[in-house]
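Just follow the structure's listing: the first ligand is 1, and inside any ligand the first atom is 1.
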Amino acid sequence: MLLQKDYKFWFCTGSQDLYGEECLQHVAEHSAIIVERLNQSGILPFEVVLKPTLITNEVIRRTFNEANTDDSCAGVIVWCHTFSPAKSWILGLQEYRKPLLHLHTQFNQEIPYDTIDMDFMNENQAAHGDREWGHMVTRMGIERKVVVGHWSDERVQKKIASWMRTAIGIIESSHVRVMRVADNMRNVAVTEGDKVEAQLKFGWEVDAYPVNEIAQCVEAVSVSDVNALVDEYYEKYDILLEGRDPAEFRRHVAVQAQIELGFERFLQEKNYQAIVTHFGDLGSLKQLPGLAIQRLEEKGYGFGAEGDWKVAAMVRIMKLMTAGMKDAKGTSMLEDYTYNLVPGKEGILQAHMLEICPSIADGPISIKCQPLTMGDREDPARLVFTAKEGKGIATSLVDLGNRFRLIINDVECKKTEKPMPKLPVATNFWTPMPSLEVGAEAWIYAGGAHHTAFTYDLTAEQMGDWAAAMGIEAVFIDKDTTIRQFRNELRWNSVYYR
Ligand code: MN
């Protein structure tokens with residue numbers, strides 16, 4: 001469900017034939033060694049594939065077009081071992097449409113002081129060959145990532161690894177399909193947006209279905225399938241009856257199991273990877289999908305509440321970008337709910353009515369069944385937990401009318417000072433960087449929403465690079481943010497992104 005393609009990245013070395021056949025042979029040998037070692041490092045999440053050295057306009061153009069049409073290629077890494085006249089790259093670059101990394105490295109780490117001569121200099125001249133190439137990419141206005149350093153350096157390898165995940169977000173964005181089983185909540189502004197522009201910019205397909213169509217699919221799920229899933233829940237989660245009758249409690253849980261199975265079948269059948277619901281528009285569904293949505297999010301589906309399709313798509317993309325990550329700590333939709341404003345203990349309690357993804361849970365997860373304060377359905381079952389501690393990023397994609405803006409806030413997740421036994425929902429608690437005071441002020445100036453797509457497993461840099469590749473504005477709120485500078489940035493951006 002999460003990431004079905006076995007993506008690869010192509011390694012293309014630029015050179016020219018001015019220095020003879022022997023030099024080109026060395027270039028090819030060095031590139032092969034670099035690719036082999038990168039793959040052996042265990043640091044890169046995807047395989048790097050060596051391509052023949054690029055020296056002519058024809059070969060460059062053909063290689064980039066092959067990269068375009070090869071479904072398994074998620075991006076190209078370019079390095080110019082020797083000088084590679086950049087006019088030869090124009091047509092290939094013009095036609096290339098996938099993520100691009102410029103690895104500015106050289107084969108040797110140290111200058112060979114005792115033996116260095118002009119042959120060596122001509123063979124190992126990335127220092128100026130890569131500048132010629134970078135000039136052309138800049139002149140053409142092509143978005144790319146530049147990584148500088150020796151290829152054997154773990155820091156460099158980690159930067160390549162990090163960019164690979166960004167590239168997956170870029171490549172996969174145009175495969176995200178969001179199912180809306182209800183419209184946006186009436187009168188709410190920030191969850192709205194231009195779906196045509198979203199498809200132009202991000203490639204997202206955002207389609208509506210009558211809620212009763214998916215409800216029929218839920219009703220068609222057999223009792224035996226429901227019972228089997230409820231058994232799984234009871235094995236996996238702690239059951240917190242809190243005075244409720246056990247049989248009645250189980251019946252409520254079974255409603256969510258039926259929704260999980262029915263929703264998943266409907267999404268699979270119609271090929272959607274993200275979904276929105278709305279507590280005020282549930283048709284014949286007996287409960288607001290809570291536990292059911294939480295389980296689907298954990299499986300990799302994007303989710304946005306109250307019709308928030310932008311958050312649903314962003315959660316899906318961030319889940320794809322972190323797919324298969326070792327020691328991943330989780331990705332979820334969250335909502336800024338309530339503050340702790342005690343000096344020195346400031347933070348925002350993050351929660352939602354129900355639908356927080358258990359991938360961010362720390363410790364045991366329980367099932368509770370409680371009334372909703374909104375809507376008109378029976379008490380929904382939900383998974384309750386607290387989230388992990390540590391650094392994360394909260395992102396909000398807003399539609400400003402003439403453009404999209406992605407707001408990215410570094411946050412520090414903590415445990416609340418005391419448990420909250422009466423709160424029947426999953427929570428996270430964080431302090432936005434650089435402080436609650438500056439972070440929230442900047443967030444509000446930027447027009448950030450109350451719903452966010454949150455993850456522990458990506459960096460602001462990765463999401464900023466993703467936004468740049470989508471051709472949209474990104475603003476960062478982090479340890480270096482000052483209000484004066486941030487407000488100026490918003491003013492300047494309003495001119496640039498006109
Ligand atoms: Mn909400």
Side-chain angles (χ1 to χ4, degrees), residues 178-193 195 206 208 211 256 259 263 274-282 285 287-298 301-316 318-319 330-339 347-360 368 370-377 379-387 392-399 406-407 409 411 420 423-430 432 440 443-444 446-455:
V178 184
M179 177 181 286
R180 304 167 70 229
V181 296
D183 200 353
N184 297 70
M185 186 175 165
R186 280 185 287 279
N187 291 316
V188 175
V190 80
T191 60
E192 283 284 1
K195 298 193 287 293
V206 185
V211 61
Q256 293 288 335
I259 295 174
F263 272 35
I275 186 168
V276 303
T277 59
H278 174 6
F279 66 88
D281 186 2
L282 292 172
L285 292 173
Q287 297 176 13
L288 172 64
L291 195 160
I293 287 292
Q294 293 177 290
R295 298 256 314 173
L296 290 175
E297 258 185 285
E298 192 175 28
Y301 288 91
F303 174 75
E306 291 99 49
D308 197 337
W309 51 267
K310 299 196 298 303
V311 164
M314 288 306 296
V315 169
R316 168 66 183 164
M318 288 158 78
K319 282 180 178 283
T331 300
S332 180
M333 176 221 166
L334 281 165
E335 179 172 71
D336 299 296
Y337 233 111
T338 201
Y339 285 130
I348 317 172
L349 189 64
Q350 302 287 326
H352 203 258
M353 293 165 81
L354 304 171
E355 309 94 333
I356 306 308
C357 179
S359 65
I360 65 169
K368 286 194 183 194
Q370 290 256 348
L372 272 189
T373 48
M374 286 190 270
D376 56 358
R377 299 304 152 106
D379 304 352
R382 77 286 303 270
L383 299 174
V384 181
F385 52 84
T386 59
I393 53 165
T395 68
S396 173
L397 180 70
V398 292
D399 185 341
L406 184 68
I407 300 144
N409 193 180
V411 300
M420 299 170 287
L423 192 63
V425 288
T427 56
N428 196 346
F429 178 78
W430 70 54
W443 186 273
I444 289 169
H450 52 281
H451 289 166
T452 56
F454 163 84
T455 185

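Within the 3.5 Å criterion, the main-chain N or O of I356 finds a donor-acceptor partner in the side chain of Q294.
Backbone or side-chain N, O or S atoms of H450 do not reach the Mn ion (ligand 1) at under 2.8 Å.
Between H451 and H352, the angle of the ring planes goes over 60°, which puts this pair in the perpendicular group of the 30/60° scheme.
Residues Q256 and P380 are in side-chain contact: their nearest non-hydrogen atoms beyond the backbone lie under 4.5 Å apart. Residues V311 and T452 are not in side-chain contact: their nearest non-hydrogen atoms beyond the backbone lie 4.5 Å or more apart.
Per residue H451, closest N, O or S atom to the Mn ion (ligand 1): atom name NE2. Looking at E335, its N, O or S atom nearest to the Mn ion (ligand 1) turns out to be OE2.
The angle E306:OE1 - the Mn ion (ligand 1) - H352:NE2 amounts to 100°, with values rounded to 10 degrees.
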